[in-house]
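Read through the structure below, which is laid out as structure tokens, and then see the notes.
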Number of protein chains: 2
Amino acid sequence: MERTDHSFLSQATADEASRIFKALADPTRIKILYLLSQEECSVSHITEVLEMTQSAVSHQLSTLRKLRLVKYRREGSTLYYSYDDEHVITILHQVLSHINCN
Amino acid sequence: MERTDHSFLSQATADEASRIFKALADPTRIKILYLLSQEECSVSHITEVLEMTQSAVSHQLSTLRKLRLVKYRREGSTLYYSYDDEHVITILHQVLSHINCN
DNA sequence: TACGTATATGAACATATGCTCATATGTTAA
DNA sequence: TTAACATATGAGCATATGTTCATATACGTA
């Protein structure tokens with residue numbers, strides 16, 4: 001806001017936006033979030049669909065949990081995950097439809 | 001599309017979406033793109049506004065160029081950069097307004 | 001031509017990221 | 001309690017990323 005008529009982003013804002021984009025910057029997390037955008041899923045279901053190890057999936061779910069992008073509920077020994085940030089899902093869908101409409 | 005009624009992303013689609021999000025996953029690139037979303041800028045102007053070294057800015061511009069997210073025109077020895085992907089700018093603005101409207 | 005300014009680029013380095021492997025934790029059932 | 005299953009987690013490793021430093025390239029001017 002100095003020297004020009006234009007504004008520029010604060011470091012805090014840029015960092016926060018970066019946090020959101022970083023969350024979406026990995027193919028595995030994209031696939032997980034896309035799955036969860038359609039249905040609540042158990043960890044084992046995600047593991048089968050993505051054809052990845054249980055550990056790899058669990059680590060990524062941990063990342064998504066820390067970012068508050070997913071939540072879960074327990075049913076017996078099974079954990080059912082679902083998305084927890086509508087806006088991020090919207091952004092994801094927009095980018096996906098952009099890709100398919102090229 | 002097998003075993004459930006739901007679809008899941010191909011690796012290629014997830015990778016492509018990841019490429020776009022990765023481009024936006026760094027605060028410096030976010031600041032640069034936000035600046036360019038408002039006005040065409042020379043490298044030296046970007047360098048001053050972001051208070052970064054000329055080299056760091058130039059490297060990031062190189063990254064953005066490879067991703068075809070920015071373009072430039074030459075005027076004498078000065079290069080003026082501008083954005084080259086309307087859709088990515090839209091996504092950026094959406095996330096930024098999401099942050100500010102929390 | 002030689003010099004100054006604007007920008008790009010390669011190498012090196014520190015940090016971040018995503019996976020694997022081994023193992024821990026929590027739940028159910030016998 | 002013990003065994004089996006579902007999931008989480010820590011350590012280690014290979015690769016990716018962002019910056020700095022030094023230098024190269026391109027253009028304008030004297």
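Letters go in sequence order (proteins before strands), and every chain restarts at 1. Keep in mind it's a predicted model, so treat the numbers as computed, not measured.
There is no side-chain donor-acceptor pair under 3.5 Å between A:Ser55 and A:Ser58. Side-chain contact annotation: B:Arg73 with B:Tyr81, donor-acceptor N/O pair under 3.5 Å absent. Side-chain atoms of A:Ser44 and A:Ser42 include a donor-acceptor pair closer than 3.5 Å.
Considering only the side chain of A:Val43, D:dA8 comes nearest among D:dT20, D:dA11, D:dA8. Here the nucleotide nearest the side chain of B:Leu79, chosen from C:dT9, D:dT9, C:dT7, is C:dT7. Here the nucleotide nearest the side chain of A:Arg65, chosen from C:dT9, D:dT7, D:dT9, is D:dT9. Candidate nucleotides C:dT20, D:dT19, D:dT17 were compared by shortest atom distance to the side chain of B:Lys22, and D:dT17 ranks first.
You'll find a donor-acceptor pair under 3.5 Å spanning the side chain of A:Ser55 and the base of D:dT9, going by distance alone. For B:Gln54 against C:dA6, a side-chain-to-base donor-acceptor contact under 3.5 Å is absent.
Contact check for A:Tyr83 versus A:Leu69: no side-chain heavy atoms found under the 4.5 Å cut-off. Between A:Arg19 and A:Asp15 there is no side-chain heavy-atom pair separated by less than 4.5 Å. A heavy-atom distance below 4.5 Å is not found between the side chains of B:Thr53 and B:Thr47.
At the heavy-atom level, A:Thr53 lies under 4.0 Å from the strands shown only through sugar-phosphate atoms. Among the protein residues, B:Ser44 comes within range of the sugar-phosphate backbone only, with heavy atoms under 4.0 Å from sugar or phosphate atoms but none that close to a base. Within the nucleic acid shown, A:Thr28 comes within 4.0 Å of sugar-phosphate atoms alone, with no base atom in reach, counting heavy atoms only. Nucleic acid contact for B:Ser42: sugar-phosphate only, since backbone atoms but no base atoms lie under 4.0 Å from a heavy atom of the residue. The residue A:Tyr81 sits close only to the backbone: its heavy atoms come under 4.0 Å of sugar-phosphate atoms, none of a base.
At whole-Å resolution of the value, CG in A:Leu64 and P in D:dT9 are 13 Å apart. For B:Glu48 and C:dT5, the CD to C1' distance is 13 Å, given to the nearest whole Å. C:dT17 atom P lies 17 Å from atom CE of A:Met52, rounded to whole Å. Atom OH of B:Tyr80 is separated from atom P of C:dT7 by 8 Å (rounded to the nearest Å). For the pair B:Phe21 CZ and C:dG18 P, the computed distance is 14 Å after rounding to whole Å. In this structure, A:Arg19 atom CZ and C:dA16 atom P are separated by 15 Å, rounded to whole Å. In this structure, CG of B:Leu61 is placed 20 Å from P of D:dT25, rounded to the nearest angstrom. Rounded to whole Å, atom P of D:dC27 lies 5 Å from atom CZ of B:Arg74.
Nearest-nucleotide positions on DNA chain C place A:Asp26 closer to the 5' end than the other of A:Asp26 and A:Glu75.
OP1 or OP2 of C:dG18 has at least one side-chain nitrogen or oxygen of A:Arg29 nearer than 4.0 Å. Neither OP1 nor OP2 of D:dA6 sits under 4.0 Å from any side-chain N or O of A:Ser77. For A:Gln60 and C:dC19, the shortest distance from a side-chain N or O to OP1 or OP2 is below 4.0 Å.
In this structure, the aromatic ring of B:His59 is positioned over the six-membered ring of the base of C:dT9, centres within 5.5 Å and planes within 30°.
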